[in-house]
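Throughout, a chain's letter reflects where its sequence line sits, starting with A, and its residues are numbered from 1. What you see below is based on every heavy atom in this structure, not just the backbone, and it leaves out hydrogens, waters and symmetry mates.
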2 protein chains.
Amino acid sequence: MIQGLDDKTKEIYLPVREELGLVGANLKGLSRRRDEHLAPLLAYLFERGGKGIRPAVTLLAARAYSKESATAVIMATAVELLHIATLIHDDTVDNSDTRRGKDTVSSHWDQNVAILLGDYVFAASATFVCDTENIRVIRRFSETIMDLSSGQLLEYFNSYNTGQSRKVYEERIYRKTASLFQTAAESGAILGGAPEDAVEALTSYGRNIGMAFQIVDDILDIDGDVDEVGKPLGNDLLQGVLTLPTIKLMEQRPEDNSIRDIFARKKEKAHLKRSLDLIQESTIIEECYAEAEGYCARALEDIDALPKGPAKRSLQVLASYVTERRR
Amino acid sequence: MIQGLDDKTKEIYLPVREELGLVGANLKGLSRRRDEHLAPLLAYLFERGGKGIRPAVTLLAARAYSKESATAVIMATAVELLHIATLIHDDTVDNSDTRRGKDTVSSHWDQNVAILLGDYVFAASATFVCDTENIRVIRRFSETIMDLSSGQLLEYFNSYNTGQSRKVYEERIYRKTASLFQTAAESGAILGGAPEDAVEALTSYGRNIGMAFQIVDDILDIDGDVDEVGKPLGNDLLQGVLTLPTIKLMEQRPEDNSIRDIFARKKEKAHLKRSLDLIQESTIIEECYAEAEGYCARALEDIDALPKGPAKRSLQVLASYVTERRR
């Protein structure tokens, strides 16, 4: 499952390396099902691989309180599957052609296959959650799917709307990204048998790193390395999506119309260049990193009281690592 | 929720009329959520209404063994929501413009809203299942979503394939239709506290009426009343989907090429007329009804040992009613 990790990530994963291997084996197991049509689709998804940050959070949260990790591995598998299912449908909605350097399902097959395969992977993730036999975790999981889809709807209905507030932006990135990080950490804590105050602490930790993670993603769309991002810079603006850097630009340069012009689809490329230049000339990127670092600082406070050990250390390193993803 | 019922259906629903009202109230409750974007979408879905056969099966199966119906109402709500979610994505995949006389979500809004709203309703159905707090029922539910989506994929990958066997057809209609009827009955039985042999009996009953239900749907696509079906006759063939009547035509008239020509998209309308005429001139429609009646007869045997009472009677009437839907 896990591919292209840098040394820092390997260090973070070390305490649960074995368990992450089992998660990968669970995914491979799915694609070995005797269904001539499904097997190749699933194999295609899983060989693409991901960085496995979300399942790692589940496993580390569980490990902080328990050596036993069988149900945490099941949950981490469900978390990764849910993430994959979301990507399949999001890429379809966004008309994205590539993901992690490979064709998306909708471009490799078509949109219909993407819709149905996404549904199948959603369901597969739910069957793994059921295997935890923990009702609390199962309920949080289905509530999370509601957050993810309603967050995407919120983004969709606000696209090309320059009147968006930060509050709407924060609600949107909470639902579409932070909610799954939150559930990843919360469910790990619950299944690891953490005391209730620690479950709350890890839930808040997951939410905070999730918010930081999305803000950094939104920064990289404006300021990233084109090859790494794999999309042209400013792609969000071209899709009519306002993010923190662009909301800040509108706040700080109310007289500038470049974003309004992009959203009005007038000479988009020219106006996009102007928006990006204005952001680069300003302190907006640093301000955005500062906001992301604020979330990471809160995440570190959240887990301050966790029992000392490799799991806690990894969660701490992860919290600082999230904002180190820079150009 | 429930609209346009004939007297026979009203008679079938009588023992659980009140509970079906509560299911409808649960759906309305969902659309009253304070989300400016979601509320109107959900309201649009639920005012469309359906016949409510699947939730009725859940409620009747539970009622056969228990007067208490609180969890059965929750489960019946989940079953109806799952059915609705499936319709949203199926209509998107099939490019259908209307459903129950109203625009489909994808034609009223667009395909992206349909994908995300479908995901949201899938998740909403899962949260209702969680409220039953019955792990066995929750697991069957997520397995059913895998059946539904893999059944649609099976149909998709076999479209325009004239080499399809009856076995593939039966597997396909089991997954895309009968599996939900089966789970509707099984979960009702489990939540109603039925003894294990009765759970098995009702599971088989659900499967059998589900198979009959889909066969009759497939007959009506060839032989139905255009106004009632709401689609031109032979729509399945035009979509490249073989069903029992058309599989039988290819078996009985191997020398006729009309279906191969439709699938080759050559003068479709003319060849479609020829296929439909050949079926009308033959005994195929009656043979198909006979196969559906065979499933219904097995469904009646399945529940023969159920305790006498209004619920059993309704399930018996339903089994015979399925094949009475004729032109």
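Chosen from V113(B), L38(B), V121(B), the residue pairing most often with chain A at heavy-atom distances under 4.5 Å is V113(B). Between chain A and the residues D90(B), D110(B), T92(B), T144(B), the largest count of heavy-atom pairs under 4.5 Å involves D110(B).
Listed by first and then second residue, the side-chain hydrogen bond (donor to acceptor under 3.5 Å, both in side chains) pairs involving residues 122-134 of chain B are R139(A)-D131(B) (not counting sequence neighbours). Annotation: salt bridge (Lys or Arg N to Asp or Glu O under 4.0 Å) contacts involving residues 156-166 of chain A, sequence neighbours excluded, comprise R166(A)-E251(A), R166(A)-E291(A).
Inspection of non-hydrogen atoms places I145(B), M146(B), S149(B), S150(B), Q152(B), L153(B), L154(B), Y156(B), F157(B), N158(B) of residues 145-163 of chain B under 4.5 Å from chain A.
Both the backbone and the side chain of I138(B) have a heavy atom closer than 4.5 Å to some heavy atom of chain A. Heavy atoms closer than 4.5 Å to chain A are found in the side chain of F122(B), but not in its backbone.
Applying the side-chain hydrogen bond (donor to acceptor under 3.5 Å, both in side chains) test to R136(B) and every residue at least two apart in sequence or in another chain returns E196(B).
Taken to the nearest 0.5 Å, the CG atom of N95(A) stands 6.5 Å off from the CG atom of N112(B).
Between Q111(B) and I115(A) the shortest side-chain heavy-atom distance falls below 4.5 Å.
For the pair S142(B) and A123(A), the tightest heavy-atom approach, listed with the atom from each and the gap, is O-CB, 3.7 Å.
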